[in-house]
Amino acid sequence: MAGLTTHVLDLTHGTPADHVEIDLYTIKGKNKEHIKTDTTNLDGRLDAPLLTELEIQQGEYEIVFHIGSYFKRKGVELEEPNFLQTVPVRFGISEPDSHYHVPLLVSPWGYHVYRGS
């Protein structure tokens, strides 16, 4: 099953991160082109892939996770400006016939991202 998926886990609360806005861009040289915006569900996942097997192409992409507003909504008291307002993750897709999963584990002070399965 080819395509691009993601999910967000809240390390501060030990739960999936719900209602996190996510933007997907394609990168072409110095240009960044917006592809879509979506929001995580109660399980910290999207209801549909960011890119389906018909949409995914070889190239460079960026996912921007809007986590500052998520932690504010969860009642985490943070000084303004937040240490992390957004988390941009830039990555390449070399095999568009493969599945790419880009999970984000996040707290207000740090994050971890990797290519999942």
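Note that this is a predicted model, so its numbers are computed, not measured.
- A single hydrophobic cluster is seen to contain both I35 and L50, as judged by linkage of ILVMFWY side chains at heavy-atom distances under 4.5 Å, directly or through other members.
- To the nearest 0.5 Å, atoms CG (D10) and OG1 (T15) are separated by 4.5 Å.
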- Task: Show the numbers, then the answer: is there a side-chain contact (heavy atoms from CB on, under 4.5 Å) between E21 and T37?
- Result: CA-CA 7 Å; E21 187 174 297; T37 298; 3.6 Å; yes
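- T5 and H101 are linked by a side-chain donor-acceptor pair at a separation below 3.5 angstrom, with hydrogens and angles left out of the test.
- Atoms CD1 and CD1, from I22 and I67 in turn, are 11.5 Å apart once rounded to the nearest 0.5 Å.
- For E80, the CD atom counts as densely surrounded, since its 6.0 Å shell holds more than 12 non-hydrogen atoms of other residues, nucleotides or ligands.
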Compile the donor-acceptor pairs under 3.5 Å between side chains in residues 81-96 and protein atoms, sequence neighbours left out, one pair per line.
residue, atom, partner, partner atom, Å
N82, ND2, Q85, OE1, 3.2
R90, NE, E62, OE1, 3.1
R90, NH2, E62, OE1, 3.1
E95, OE1, S98, OG, 3.2

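- Using a 4.5 Å heavy-atom threshold, the side chains of L42 and H19 count as touching.
- In this structure a side-chain-to-backbone donor-acceptor pair under 3.5 Å is present from N41 to D43.
- In this structure, CG on L24 lies 6.0 Å from CG on L4, to the nearest 0.5 angstrom.
- Residues V76 and V20 share a single hydrophobic cluster, defined by chaining ILVMFWY side chains whose heavy atoms lie under 4.5 Å apart.
- In this structure, CD1 in I63 is found 9.0 Å from CG in L104, a value given to the nearest 0.5 Å.
- Between W109 and L11 the shortest side-chain heavy-atom distance does not fall below 4.5 Å.
- Residues L9 and V64 fall into different hydrophobic clusters, defined by Ile, Leu, Val, Met, Phe, Trp and Tyr side chains chained together at heavy-atom separations under 4.5 Å.
- Put simply, Y70 and Y111 are part of the same group of oily side chains (I, L, V, M, F, W, Y) that touch within less than 4.5 Å, one to the next.
- Annotation for K32: atom NZ counts as buried by contact number, over 12 foreign heavy atoms lying within 6.0 Å.
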- When you look at I56 and Y100, which way does the side-chain contact (heavy atoms from CB on, under 4.5 Å) test go after all the steps? CA-CA 10 Å; I56 193 169; Y100 284 77; 4.1 Å; yes
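- Taking every heavy atom of both residues into account, P16 and G44 meet most closely at CB-N, 3.6 Å.
- Contact between L78 and F71 at its shortest, heavy atoms only, is CD1-CB, 4.2 Å.
- The OG1 atom of T6 sits 9.0 Å away from atom CZ of R45, with the distance rounded to the nearest 0.5 Å.
- Side-chain contact between T40 and F65 is absent, with no heavy atoms from C-beta onward closer than 4.5 Å.
- K74 NZ to T12 OG1: the interatomic distance, rounded to the nearest 0.5 Å, is 10.5 Å.
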